[in-house]
There are 2 protein chains.
Amino acid sequence: MAARASSKTSESSDKVSVICRALRRAIIEQALEPGAKLPEDALGERFGVSRTIARHALGQLAAEGLVELRRNRIAVVATPSWQEARDAFDIRIELERLVVRQLAGKLTKAQIAELNAHVDAEDRARGGTDAVSIRLATEFHILLAHMTNSPILVRYVSEVAYRCCLTLSLYSRPHSTECAINEHRAIISALAKGDEAKVMDLMHHHLDSVANRALVAPTPQRGRDLLDILAPYADEVTGDRVVKLPKVARRG
Amino acid sequence: MAARASSKTSESSDKVSVICRALRRAIIEQALEPGAKLPEDALGERFGVSRTIARHALGQLAAEGLVELRRNRIAVVATPSWQEARDAFDIRIELERLVVRQLAGKLTKAQIAELNAHVDAEDRARGGTDAVSIRLATEFHILLAHMTNSPILVRYVSEVAYRCCLTLSLYSRPHSTECAINEHRAIISALAKGDEAKVMDLMHHHLDSVANRALVAPTPQRGRDLLDILAPYADEVTGDRVVKLPKVARRG
DNA sequence: CGCGCTCCAATTGCATGCAGTTTGGTGTCC
DNA sequence: GGACACCAAACTGCATGCAATTGGAGCGCG
């Protein structure tokens with residue numbers, strides 16, 4: 001049985017889905033950073049659709065946790081707190097352990113080849129940008145989930161993985177992807193051998209180490225504040241003059 | 001403004017959210033059976049909103065997996081296959097083990113009292129309909145999830161629990177709720193004692209036995225008129241304002 | 001009698017328009 | 001110079017209107 005994509009609940013080819021996909025990708029590739037404004041008008045114009053459609057797409061992404069929707073206010077790309085990021089990884093670990101548990105020893109040769117091919121692609125992309133590496137690494141996990149043939153599992157793993165992606169852009173430092181790639185290879189190998197306990201353990205530590213490597217400074221709520229970000233630049237500009245920051249500088 | 005800033009991603013107080021809640025409840029109480037048609041204008045009429053809003057609500061519920069959306073076709077309540085039902089339970093087991101792992105030994109007296117009160121309510125509802133029992137049992141699990149203070153975990157547990165609810169209406173036979181109630185009490189007790197391993201095991205077997213008891217054989221389904229089914233839920237939404245039910249209920 | 005065709009009511013897909021809310025800027029007064 | 005009141009622009013919330021698609025009843029044909 002091949003990996004037949006079930007078009008049941010999600011992502012057919014209507015305009016809403018197209019916009020969702022585009023925005024999702026823009027978000028996980030960090031083209032749209034957390035906190036970025038997403039006015040319905042602008043989206044509609046950019047994608048050549050009406051506000052109604054853009055609005056609907058934002059609703060879907062909000063349901064996935066990638067976008068924050070506030071009543072009567074402009075939607076923004078979600079800005080998960082550090083704790084939420086950690087929670088997302090905890091959930092992800094459990095879900096992906098379930099994935100590899102179901103997959104251990106049950107993969108066809110073709111599937112193993114597909115996985116290896118994907119990791120090869122990750123390898124080749126090592127020279128590129130972080131954003132692409134992160135996306136490819138995430139897609140490896142989603143590819144695994146697909147092989148379970150469980151649409152529900154695919155959905156949850158995808159969602160939570162995207163959320164983790166989002167948090168990486170917030171809290172991670174430039175990270176070396178090499179060990180992640182090696183860990184991916186180890187997982188494939190253990191899956192092929194059918195060593196269930198081993199592969200669950202590998203996955204657990206893989207994700208845990210990604211999380212620990214990524215979620216470093218518990219930058220509290222202040223961390224995402226524009227004022228802190230701009231502090232060094234402000235020093236340059238104002239020289240030795242003391243800068244008292246006026247009430248609130250709006251994020252823009 | 002006493003406005004509770006609150007809920008980041010979902011369920012504020014706009015009309016879409018209200019309708020989502022009403023429909024969700026109608027679905028999990030089996031007032032709307034799997035396969036039931038959900039035409040946009042019928043919903044809009046019943047809830048006193050435009051098609052736009054009904055449509056948006058359907059989109060949200062589709063994202064939760066409760067509703068199936070087919071392009072150019074009438075939306076229907078989702079009809080998970082038996083395998084999907086089993087998958088949902090597997091995921092649920094992992095998520096809820098995570099919940100009780102986080103909660104073991106960390107509950108306040110007030111929280112334990114709240115849990116006990118809920119189970120008492122379940123007990124009192126034993127004479128009532130199956131639908132109410134199932135809803136209360138589900139809400140017990142969601143209440144637990146809430147106590148983790150992890151919005152993401154709450155969302156996933158809620159979603160997957162609702163999906164399981166949905167499958168119960170498809171595949172379950174009238175089941176005795178007593179053992180479930182006892183198992184809930186046992187879980188509370190183990191949580192209070194802080195026995196992490198024990199409570200994870202209890203939760204695992206609790207959900208596993210619910211799944212095994214439930215997922216037996218399909219039951220036929222009969223069609224009822226949507227407008228009639230939704231009447232009580234619409235009352236909630238429209239409040240005391242008179243909602244004129246125009247025309248005739250078609251569809252037989 | 002069954003099978004395919006045509007046509008129409010039902011229904012969705014989407015854009016647009018209007019009203020209410022928030023935002024950000026300006027003028028005024030201290 | 002700074003705080004407050006006020007106003008216009010921007011934006012969202014929602015309803016309505018129109019074109020496109022579907023499902024099925026009715027009809028003709030083999």
Side-chain angles (χ1 to χ4, degrees), chain A residues 7 9-20 22 35-62 67-77 226 241-252, chain B residues 1-3 5 7-20 22 35-62 67-77 223 225-227 237-238 241 243-244 246-252:
Chain A
S7 62
T9 61
S10 50
E11 307 302 296
S12 26
S13 62
D14 59 43
K15 299 193 179 183
V16 173
S17 308
V18 172
I19 295 179
C20 274
K37 291 182 182 173
L38 302 168
E40 297 172 0
D41 279 331
L43 293 178
E45 206 175 309
R46 173 58 75 186
F47 289 111
V49 298
S50 81
R51 256 192 341 112
T52 308
I53 304 307
R55 180 183 184 73
H56 202 105
L58 287 174
Q60 296 295 304
L61 293 174
V67 159
E68 221 166 294
L69 234 43
R70 308 107 93 208
R71 186 178 173 88
N72 283 323
R73 311 270 304 274
I74 304 179
V76 296
V77 176
L226 182 67
R241 229 158 41 102
V242 172
V243 177
K244 43 180 182 177
L245 293 165
K247 298 173 65 170
V248 171
R250 297 234 65 86
R251 320 160 43 82
Chain B
M1 316 295 181
S7 63
K8 282 182 96 170
T9 62
S10 53
E11 307 300 297
S12 30
S13 63
D14 60 43
K15 299 192 180 183
V16 173
S17 309
V18 173
I19 295 179
C20 275
K37 291 181 182 175
L38 303 168
E40 294 172 2
D41 30 3
L43 293 178
E45 240 168 66
R46 178 49 90 182
F47 289 115
V49 298
S50 82
R51 254 190 345 111
T52 308
I53 303 306
R55 179 184 184 74
H56 203 108
L58 287 174
Q60 297 295 304
L61 293 174
V67 159
E68 219 166 295
L69 234 42
R70 307 108 91 209
R71 187 178 170 88
N72 282 322
R73 312 272 302 274
I74 303 180
V76 295
V77 176
D225 191 298
L226 177 72
L227 300 183
V237 172
T238 55
R241 233 163 35 102
V243 173
K244 45 176 183 169
K247 301 186 179 166
V248 199
R250 35 209 165 13
R251 177 196 345 292

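By convention in this document, chain letters (A, B, ...) are assigned in the order of the sequence lines, proteins followed by strands, and residues within each chain are numbered from 1.
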Can you sort out which residues in residues 43-51 of chain A have a heavy atom within less than 4.0 Å of DNA chain D? Ascending by number, please.
A:Arg51
Picking from D:dT12, C:dT16, D:dC14, which would you name as closest to the side chain of B:Lys15?
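So the nucleotide nearest the side chain must be D:dC14.
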Between C:dA15, D:dC14, C:dT12, which nucleotide gets closest to the side-chain atoms of B:Ile74?
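The answer is C:dT12, which lies nearest to the side chain.
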[X] side, atom [atom1]; [Y] side, atom [atom2] - distance, nearest 0.5 Å:
X       : Y       : atom1 : atom2 : result
B:Leu58 : B:Ile74 : CG    : CD1   : 11.0 Å
B:Gln60 : B:Ile19 : CD    : CD1   : 11.5 Å
B:Arg51 : B:Glu45 : CZ    : CD    : 11.5 Å

Whole angstrom value for the distance that separates [atom2] of [N] from [atom1] of [X]:
X       : N      : atom1 : atom2 : result
B:Arg55 : D:dT16 : CZ    : P     : 17 Å
A:His56 : C:dT12 : NE2   : P     : 13 Å
B:Glu40 : D:dT22 : CD    : P     : 15 Å
B:Asp14 : D:dT12 : CG    : C1'   : 11 Å
A:Asp41 : D:dC14 : CG    : C1'   : 15 Å
B:Ile19 : D:dC14 : CD1   : P     : 9 Å
A:Arg70 : C:dT22 : CZ    : P     : 12 Å
B:Leu69 : C:dT11 : CG    : P     : 16 Å

Considering non-hydrogen atoms only, spot the tightest contact between A:Leu69 and A:Ala75 and give its length.
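So the two residues come closest at CD1-CB, 3.4 Å.
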Which atoms form the tightest heavy-atom contact between B:Cys20 and B:Ala57, and what is the distance?
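Shortest heavy-atom separation between B:Cys20 and B:Ala57 comes out as SG-O, 3.6 Å.
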With respect to the phosphate group of C:dT12, does any side-chain polar atom (N or O) of B:Arg73 fall under 4.0 Å of OP1 or OP2?
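No, no such contact exists.
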Can you find a side chain N or O atom of A:Lys37 that sits less than 4.0 Å from OP1 or OP2 on D:dC11?
no
Protein-nucleotides 19-21 of chain D N/O pairs closer than 3.5 Å?
residue : atom : partner : partner atom : Å
D:dT21  : O3'  : B:Asn72 : ND2          : 3.3

Going by the rule side-chain contact (heavy atoms from CB on, under 4.5 Å), which residues pair with B:Ala54 if we only count those two or more places apart in sequence or in a different chain?
B:Leu43
Excluding sequence neighbours, so at least two apart, what forms side-chain contact (heavy atoms from CB on, under 4.5 Å) with A:Val76?
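A:Val76 satisfies side-chain contact (heavy atoms from CB on, under 4.5 Å) with A:Lys37, A:Glu68, A:Arg70 only.
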Please report how far the helix from C:dC1-D:dG30 to C:dC30-D:dG1 bends, comparing the axis fitted to its first five pairs with the axis fitted to its last five, to the nearest 10 degrees.
10°
Kindly write out the residues that satisfy salt bridge (Lys or Arg N to Asp or Glu O under 4.0 Å) with B:Arg55, not counting sequence neighbours, or none if the list is empty.
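Partners of B:Arg55 under the salt bridge (Lys or Arg N to Asp or Glu O under 4.0 Å) test: B:Glu40.
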